[in-house]
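Accompanying notes for the structure given below.
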Amino acid sequence: MQIVTWNVNSIRARKERALAWLTTHQPDVLCLQETKVTDEVFPRAEFEALGYHVTVSGQRTYNGVAILSRVPPTEIMRRFDDGEEETAARFLTVSVERVRIICVYVPNGRVVGSEQFAYKLAWLGRLRRYLECYCDPSQLIALCGDLNVAPEARDVHDPAAWQGTVLFHPRARAALQELCAWGLVDAFRLHHSEGGMYSWWDYRQLAFPRNQGLRIDHILVTQPLALRCTGAMIDREARKGQGASDHAPVMASFSDETSSG
DNA sequence: ATGGTTGCTTAGCAA
């Protein structure tokens, strides 16, 4: 099973690219973030024509997540259901075969000290509580999405410059570590230890050709799924050229059985 | 040099 997460920065602006990418790569599951459309407007028919089931949780203008799957999804949830008010479409979870897929678009946080940064930290805390309440680390679970946090210095092109900003802040990093402490590991880091591997590059300042990026999009998996993880990669090709999202797809592959290695 | 780009929505905001 191949699972992919991709912040497309508007599914309408990226529709042709996303359709072409799916046709080429044909993953079993594609988690999308920043679709920026209401559920009625999501271009579902074009993706269904490629053989995908389309599950969406969107809103006008901002945010929006979706999960495309080759197999019909079950156990769909669109909210934390933690009793707190929520207006942003940032969370969607489904089961595909025996794997629980959780698609998230974590708040960016804008500026440290802002209301939005407090919201980001609180949101990550709610996600941790969701895992505690609704999931178990012994299950096959993949938490996929734009986490808007670079875990370590090797995930940031200029750690000194980014230190203390919302994408590489000690409190945001600690909140991400708290998620992992529940029982998740970074699928990408199971297979790659080098720095300079990023999933997002600012549109400005020629950041992509200079590889001035951050690795903020992640596929985090429970230990039983980690044991099946046969590979992971970031598709830089999808970030190239005119009309690209500012994020690249992050991919991970899993065998049907636990690997003996 | 308080800059730069993209998308949504239409000039201002969010990323």
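The figures here come from the full heavy-atom set of this structure, side chains too, leaving out hydrogens, waters and symmetry mates. A note on names: the letters A, B, ... follow the listed sequences, proteins ahead of strands, and every chain is numbered from 1. Just so it is clear, the structure is predicted and the values come from calculations on it, not from any experiment.
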- request: Only pairs at least two apart or in different chains count here, so list each salt bridge (Lys or Arg N to Asp or Glu O under 4.0 Å) that has a residue in residues 208-223 of chain A.
  value: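 Sorted pair list: A:Asp155-A:Arg215, A:Asp186-A:Arg215.
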query: So do A:Trp6 and A:Cys31 actually touch side chain to side chain, heavy atoms under 4.5 Å?
result: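 The answer is no; the side chains never approach within 4.5 Å.
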query: Looking at side-chain heavy atoms only, is the closest gap between A:Ile234 and A:Tyr198 below 4.5 Å?
result: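 No, every pair of side-chain atoms sits at 4.5 Å or beyond.
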In whole Å, what separates the [atom1] atom of [N] from that of [M]?
N      : M      : atom1 : value
B:dG4  : B:dT10 : P     : 24 Å
B:dA14 : B:dT9  : C1'   : 12 Å
B:dA1  : B:dA11 : C1'   : 24 Å

- request: Rounded off to whole Å, could you give me the CD-to-P distance for the A:Gln242 and B:dT5 pair?
  value: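 From A:Gln242 CD to B:dT5 P: 11 Å.
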message: Tell me the interatomic distance from A:Leu206, atom CG, to B:dT6, atom C1', rounded to whole angstroms.
response: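 After rounding, the gap between these two atoms is 14 Å.
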message: Salt bridge check, A:Arg79 against A:Asp81: does any charged N sit closer than 4.0 Å to a carboxylate O?
response: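 A salt bridge is absent here (no side-chain N lies under 4.0 Å from a carboxylate O).
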field: Salt-bridge present (A:Asp82, A:Arg126; N to O < 4.0 Å)
entry: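 Yes.
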- request: Go through the structure and list residues passing salt bridge (Lys or Arg N to Asp or Glu O under 4.0 Å) with A:Glu97, not counting sequence neighbours.
  value: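 Expected list: none.
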task: Go along nucleotides 7-15 of chain B 5' to 3' and tag each nucleotide: B for a protein heavy atom under 4.0 Å from its base, S when only backbone or sugar atoms are that close, - otherwise.
output: SSS----SB
